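Letters A, B, ... are given to chains in the order of the sequence lines, protein chains preceding strands, and every chain is numbered from 1. Source: prediction; values computed, not measured.
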2 protein chains.
Amino acid sequence: MPPLKYSKQREAIKSFLACRLDHPTADTIYSALREEYPNLSLGTVYRNLSLLSDLGEITKITTGEGPDRFDGNTSRHHHFICTCCHQVNDLDMENIDFIMETASKNFDGHIDSYFVNFYGICKNCLEKKQ
Amino acid sequence: MPPLKYSKQREAIKSFLACRLDHPTADTIYSALREEYPNLSLGTVYRNLSLLSDLGEITKITTGEGPDRFDGNTSRHHHFICTCCHQVNDLDMENIDFIMETASKNFDGHIDSYFVNFYGICKNCLEKKQ
DNA sequence: TATCATATTGATAATTGTTACTATTATTAA
DNA sequence: TTAATAATAGTAACAATTATCAATATGATA
């Protein structure tokens, strides 16, 4: 792949993600950054998100419901998706990377990564329901 | 929700999935069933897949690459997705449901399910590469 | 068995999320 | 300061999925 050139749009996307604890969609990022860059294009956001994700500088989260989300925190962690409000939260949990070993036991191929999503009802929605 | 009425299309989709070990997409199911039901509609396939999935009679697999896939085997198991040929395989592995407990420890909401996908290179692709 | 209410369908249009294209602009090395 | 090319904005195209709606099939009831 060709050498990277600087782009303020890409930097803006990266630093927007870096200081967010939620996990915005491409469209959320686009809308937010358009305030500072009024003629930012949605294509540019998608292009850079997939580039940054390929470079390992951000992570793509596919939830199975709605659009993909993106995470500026690339350290190993997993996510909880509320089936009620659809918010995505980081989970602060022990390392479970050993499940790759467990999965490898009766398997012929080579496993080198995994994604886990946990589903349920978040605290907020639990409180609202009663 | 209103009471279900029988439909041969829905039964066909269910039994098609029941006797397949791979994990076909909506479109694959549609193409295959059109041989027996030439005027089956793709919308009918999608409608029934999401209905059956809501009823828990089949499972939807979101891989993060390409369209969703569907699994007639609803017993607890996980999947391996080859990042080379994109095939989806069942993994025969020990139960790891306890990771829901692990995840619940520092979390306030209520976790009631989880999905894990494992990624890597399958046996076939490994052999082809060398 | 005929009738009725309604769940389901096929056909198609609409929507959503994402990627591709292209002329123009920005970046970087010489 | 020029030249090569990566990146952009704007827009069109695309793929996957959902919605709409008139016609049909199902199943309960008379």
Side-chain angles (χ1 to χ4, degrees), chain A residues 1-17 22-55 57-71 81 86 88 117, chain B residues 1-17 22-55 57-71 81 86 88 117:
Chain A
M1 50 192 108
L4 284 188
K5 284 185 180 175
Y6 173 87
S7 115
K8 64 183 194 301
Q9 292 88 338
R10 181 157 56 233
E11 287 309 307
I13 291 167
K14 206 157 53 161
S15 60
F16 180 79
L17 279 177
D22 65 344
H23 307 85
T25 63
D27 200 68
T28 303
I29 297 167
Y30 170 67
S31 303
L33 292 183
R34 268 182 77 95
E35 297 186 11
E36 193 179 354
Y37 305 92
N39 45 8
L40 175 67
S41 161
L42 183 55
T44 298
V45 174
Y46 273 107
R47 202 182 325 110
N48 281 297
L49 285 173
S50 94
L51 174 61
L52 291 169
S53 167
D54 288 346
L55 294 173
E57 299 192 30
I58 64 172
T59 311
K60 186 176 81 163
I61 309 168
T62 300
T63 64
E65 40 182 53
D68 286 341
R69 290 160 171 279
F70 296 88
D71 193 339
I81 295 132
H86 305 281
V88 178
N117 287 330
Chain B
M1 49 191 110
L4 284 188
K5 283 184 182 178
Y6 173 87
S7 114
K8 63 181 192 305
Q9 292 87 338
R10 181 156 56 233
E11 287 309 307
I13 291 167
K14 205 156 54 162
S15 59
F16 179 79
L17 278 177
D22 65 343
H23 307 85
T25 63
D27 201 68
T28 303
I29 298 167
Y30 170 67
S31 303
L33 292 183
R34 267 179 80 94
E35 298 186 11
E36 194 179 354
Y37 304 92
N39 45 10
L40 175 67
S41 161
L42 183 56
T44 298
V45 174
Y46 273 107
R47 206 178 321 112
N48 280 297
L49 285 173
S50 94
L51 175 60
L52 290 169
S53 167
D54 288 346
L55 294 173
E57 300 191 30
I58 63 172
T59 310
K60 186 177 83 165
I61 309 168
T62 300
T63 64
E65 40 183 50
D68 286 341
R69 290 160 171 279
F70 296 88
D71 194 338
I81 294 130
H86 305 282
V88 178
N117 286 330

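Among the heavy atoms of the strands, none lies under 4.0 Å from A/Asp27. Using a 4.0 Å heavy-atom distance criterion, B/Tyr46 is classed as a base contact.
Comparing B/Lys5 and B/Val45 along DNA chain C, the residue whose closest nucleotide (by nearest heavy atom) sits nearer the 5' end is B/Lys5. Of the two residues near DNA chain D, B/Tyr6 and A/Leu51, the one whose nearest nucleotide lies more 5' is A/Leu51.
Here D/dA23 presents its C1' atom at 14 Å from CD of B/Gln9, a figure rounded to the nearest Å. For the pair B/Lys60 NZ and D/dA16 P, the interatomic distance rounds to 14 Å; values are reported in whole Å. Remark: C1' of D/dT8 and NZ of A/Lys8 are 9 Å apart, rounded to the nearest angstrom. Counting to the nearest Å, the C1' atom of D/dT24 and the CG atom of B/Leu40 are 15 Å from each other. Note: CG (A/Asn39) to C1' (D/dT8) measures 9 Å, nearest angstrom. What separates CG of A/Leu42 from P of D/dA12 is a distance of 15 Å, to the nearest Å. We find that CG of B/Asn48 is positioned 13 Å from P of D/dT18, with the value rounded to whole Å.
Here A/Thr44 reaches the OP1 or OP2 of D/dA9: one of its side-chain N or O atoms lies under 4.0 Å away. Close to D/dT8, at under 4.0 Å from its OP1 or OP2, lies a side-chain N or O of A/Arg47.
The nucleotide range of DNA chain C contacted by chain A, defined by atoms under 4.0 angstrom from heavy atoms of the protein and reported 5' to 3', is C/dG17 to C/dT28.
Side-chain atoms of A/Asn117 come within 3.5 Å of backbone N or O of A/Thr62 as a donor-acceptor pair. A/Arg10 contributes no side-chain N or O that, together with a main-chain N or O of A/Asn48, makes up a donor-acceptor pair within less than 3.5 Å. When atom types are taken as modelled, the side chain of A/Lys14 and the backbone of A/Leu52 share no donor-acceptor pair closer than 3.5 angstrom.
Side-chain atoms of A/Ser7 lie closest to D/dT8 of the nucleotides D/dA6, D/dT8, D/dT26. The side chain of A/Ser41 has D/dG10 as its nearest neighbour among D/dA7, D/dG27, D/dG10.
Counting all heavy atoms, side chain and backbone alike, B/Pro38 lies closest to B/Glu36 at CD-O, 3.4 Å.
Side-chain contact between B/Asp68 and B/Leu49 is absent, with no heavy atoms from C-beta onward closer than 4.5 Å.
The NZ atom of B/Lys60 sits 8.0 Å away from atom CD of A/Glu65, with the distance rounded to the nearest 0.5 Å.
Defined by atom type and a distance below 3.5 Å, a donor-acceptor pair is missing between the side-chain atoms of A/Thr28 and A/Ser31.
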